[in-house]
Amino acid sequence: MSGKVKHRTAANTAEAATVTVNEKILKECHNLYTDADNGLVSIGENLGLKLLPPRKKINVMLMGNHSAGKSSFINWYVEEHVQRTGVAIETQGFSFVTSGRKRESLTGNATLHLYPHFKTLQEIEVHRVLSKQIDLECLLQSASGVVDYLNTEISTSKQKKFSLVTFIDTPGLVDGDMKYPFDVNQSILWLGDLCDLIFVFFDPIGQALCKRTLNIVEQLNESHPERIRFYLSKADEAGHESDRQRVMMQIVQELCKRPGLNKTGFEMPTIYISNPSKPSRCVNQIEEVCKDIEKTINQTIQNTLNQLERDCEQISTLVDDTIRADNMARSHNLKAKLKGMVFSLLGFLLPITLIFTLLVASAPRRILNNLVGEDMAQAIVSFMVPITTLWENVDDENQLAILAMVLVASGICLIISRIINKSKPTLQRRSKKILIEKQEYVNSHVKAQKKKLYAEYLQQSVSEHDL
């Protein structure tokens with residue numbers, strides 16, 4: 001595997017020409033993580049570092065009581081009729097609305113293939129059924145039930161910032177005997193963890209004070225207060241300004257009764273979908289919703305670029321640490337090997353020296369002369385005189401004890417040699433070379449690409465500000 005950069009050509013020039021700067025930035029950042037050869041995810045895995053590729057879109061979840069205008073808002077934003085609307089509870093499941101190359105509707109299983117990270121929705125429902133000790137048949141029906149209530153609408157619209165947004169339209173919430181085919185509360189709470197924005201629509205003429213809605217909002221606010229936005233939807237249908245203010249006060253008072261939602265500076269813009277045939281004097285702050293989305297997109301881009309730089313630094317540091325640890329392991333192994341050799345020599349030399357001493361002391365001089373020559377035999381005998389003299393002065397019983405001690409010492413030396421000579425794992429030369437290539441690729445290419453993308457983003461922001 002090489003760290004060299006592979007240059008690629010665009011598959012569709014016409015499509016690339018329609019991609020906005022923000023789309024391009026998020027897409028290229030995503031590719032820098034997921035590239036099969038040099039992606040940061042695969043590089044991180046080789047270093048024991050788990051990195052998550054950035055998303056190419058933000059997730060915006062819409063929730064509220066039924067007929068609160070969630071689907072109508074999506075249709076208005078996309079400028080295409082992708083969601084059914086009406087007084088009836090049209091959205092009884094979760095509907096994902098996203099942009100794509102062609103208009104298409106996907107069912108539950110196809111939706112989970114498109115968004116595999118949403119498969120946990122099935123596990124939530126299975127857990128609920130198991131906790132109630134329902135039989136296996138009900139369990140299987142419930143596990144498939146949540147899938148039956150998932151769908152995705154893919155639109156080719158390029159209006160507003162839709163190409164960078166995935167809307168999650170949630171079931172209309174009601175109190176009373178209304179039964180959902182899945183654990184709607186836990187499902188919305190789980191999705192809230194994955195979303196960048198949570199829009200709560202309160203319908204002034206419907207069940208705006210639905211307890212189920214308020215309970216879920218309170219729980220979401222405990223974990224993600226910065227993501228939640230409150231809106232009084234269908235404000236043009238609330239009557240006169242005094243009626244709207246009264247409804248808003250009722251909703252705000254009800255929200256503030258909840259300890260987690262009781263805060264100062266409570267904002268609830270009034271929004272509605274304008275109808276040219278029915279003009280209204282009501283202040284329409286629906287553009288504030290668009291601004292919230294655009295602001296979150298900009299924050300996401302900045303966070304993605306900043307995280308890209310942090311991940312590059314982390315990978316570079318890990319490579320340095322890995323190479324440093326490998327060098328230390330090689331140095332340790334060399335020292336351990338030398339120490340082991342010393343103890344191994346001692347282990348073998350002790351008994352050999354003793355045996356050689358016994359042979360010299362007991363062998364006739366004539367045999368030594370014949371084996372090594374007279375001069376060498378004389379030198380050996382002279383060298384061994386102190387040892388042989390000492391050995392001859394020891395009685396037979398003590399000689400056996402000394403022999404046993406020498407053998408034990410020899411065994412101890414060999415055991416110590418084996419213990420000391422244990423080596424630490426080291427990198428192969430090829431693996432080390434690849435790591436250095438990856439580090440060079442991250443430092444030279446990925447960081448340069450991040451700098452280039454940041455410059456494009458800032459240039460775009462300056463241009464828009466000048467305009």
Side-chain angles (χ1 to χ4, degrees), residues 1-3 43-49 313-440 442-443:
M1 189 182 296
S2 174
I43 295 175
E45 284 179 356
N46 293 332
L47 295 168
L49 175 65
E313 292 293 341
Q314 195 170 4
I315 286 175
S316 183
T317 301
L318 279 175
V319 171
D320 287 337
D321 292 344
T322 302
I323 293 175
R324 190 182 302 110
D326 182 70
N327 293 336
M328 291 176 64
R330 290 179 184 277
S331 176
H332 170 272
N333 293 345
L334 179 60
K335 293 177 181 178
K337 190 173 183 179
L338 291 174
K339 291 178 181 178
M341 288 176 62
V342 170
F343 279 99
S344 294
L345 286 173
L346 285 174
F348 286 112
L349 286 176
L350 285 174
I352 290 173
T353 302
L354 180 61
I355 292 171
F356 187 70
T357 301
L358 293 175
L359 289 175
V360 171
S362 60
R365 182 66 177 271
R366 178 174 53 81
I367 295 176
L368 283 176
N369 291 338
N370 292 335
L371 289 174
V372 297
E374 186 175 349
D375 293 338
M376 180 61 70
Q378 180 62 36
I380 292 173
V381 171
S382 299
F383 180 75
M384 299 295 293
V385 165
I387 300 176
T388 53
T389 302
L390 181 64
W391 182 257
E392 287 173 355
N393 292 331
V394 178
D395 55 37
D396 294 342
E397 185 178 346
N398 289 330
Q399 285 181 354
L400 291 174
I402 291 173
L403 179 62
M405 285 192 299
V406 169
L407 292 176
V408 170
S410 174
I412 292 173
C413 287
L414 291 175
I415 293 172
I416 292 175
S417 171
R418 188 176 183 85
I419 294 173
I420 290 178
N421 203 22
K422 285 185 178 180
S423 60
K424 294 181 178 181
T426 58
L427 296 172
Q428 296 181 353
R429 293 186 182 275
R430 184 171 180 273
S431 300
K432 195 172 183 178
K433 181 182 177 182
I434 290 174
L435 272 182
I436 295 173
E437 287 178 351
K438 297 298 185 185
Q439 184 185 43
E440 182 181 354
V442 169
N443 289 333

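Here the structure is a predicted model, which is why all the values come from computation and not from measurement. In this chain, numbering begins with 1 at the start of the sequence shown.
One distance of note links CD1 of Ile412 with CZ of Phe343; it measures 11.0 Å at 0.5 Å rounding. One distance of note links NZ of Lys339 with NZ of Lys335; it measures 7.5 Å at 0.5 Å rounding. Summarising the geometry, atom CG belonging to Leu47 is positioned 10.5 Å from atom OG1 belonging to Thr317; distances are rounded to the nearest 0.5 Å. For the atom pair Ser431 OG and Ile436 CD1, the distance stands at 11.0 Å (nearest 0.5 Å). Separating the CD1 atom in Ile323 from the CD atom in Gln439 is a distance of 5.5 Å, to the nearest 0.5 Å. Here the straight-line distance linking atom CG of Leu414 with atom CD1 of Ile419 works out to 11.5 Å at 0.5 Å rounding.
When the side-chain hydrogen bond (donor to acceptor under 3.5 Å, both in side chains) test is applied to Ser344, the partners found at least two apart in sequence or on another chain are Ser417. Residues satisfying the side-chain hydrogen bond (donor to acceptor under 3.5 Å, both in side chains) test with Glu313, not counting sequence neighbours, are Lys447.
Closest approach of Leu346 to Cys413, counting heavy atoms only: CB-SG, 3.9 Å. When all heavy atoms are compared, the tightest approach of Ala329 to Lys424 is CB-CB, 4.0 Å. Heavy-atom minimum distance, Asn333 versus Ser423: OD1-CA, 3.2 Å.
Put simply, the side chain of Arg429 does not reach to within 4.5 Å of the side chain of Lys433, judged on heavy atoms.
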**Request:** Begin from the C-alpha positions of Gln314 and Leu49 and carry the test side-chain contact (heavy atoms from CB on, under 4.5 Å) through to its verdict.
**Result:** CA-CA 9 Å; Gln314 195 170 4; Leu49 175 65; 3.4 Å; yes
**Item:** Audit row: Ile43, Val319, side-chain contact (heavy atoms from CB on, under 4.5 Å) steps and yes/no
**Value:** CA-CA 10 Å; Ile43 295 175; Val319 171; 5.7 Å; no
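Under the salt bridge (charged side-chain N to carboxylate O under 4.0 Å, His left out) criterion, the residue pairs touching residues 314-334 are Asp321-Arg324, Asp326-Arg330, Asp326-Lys432, with sequence neighbours excluded.
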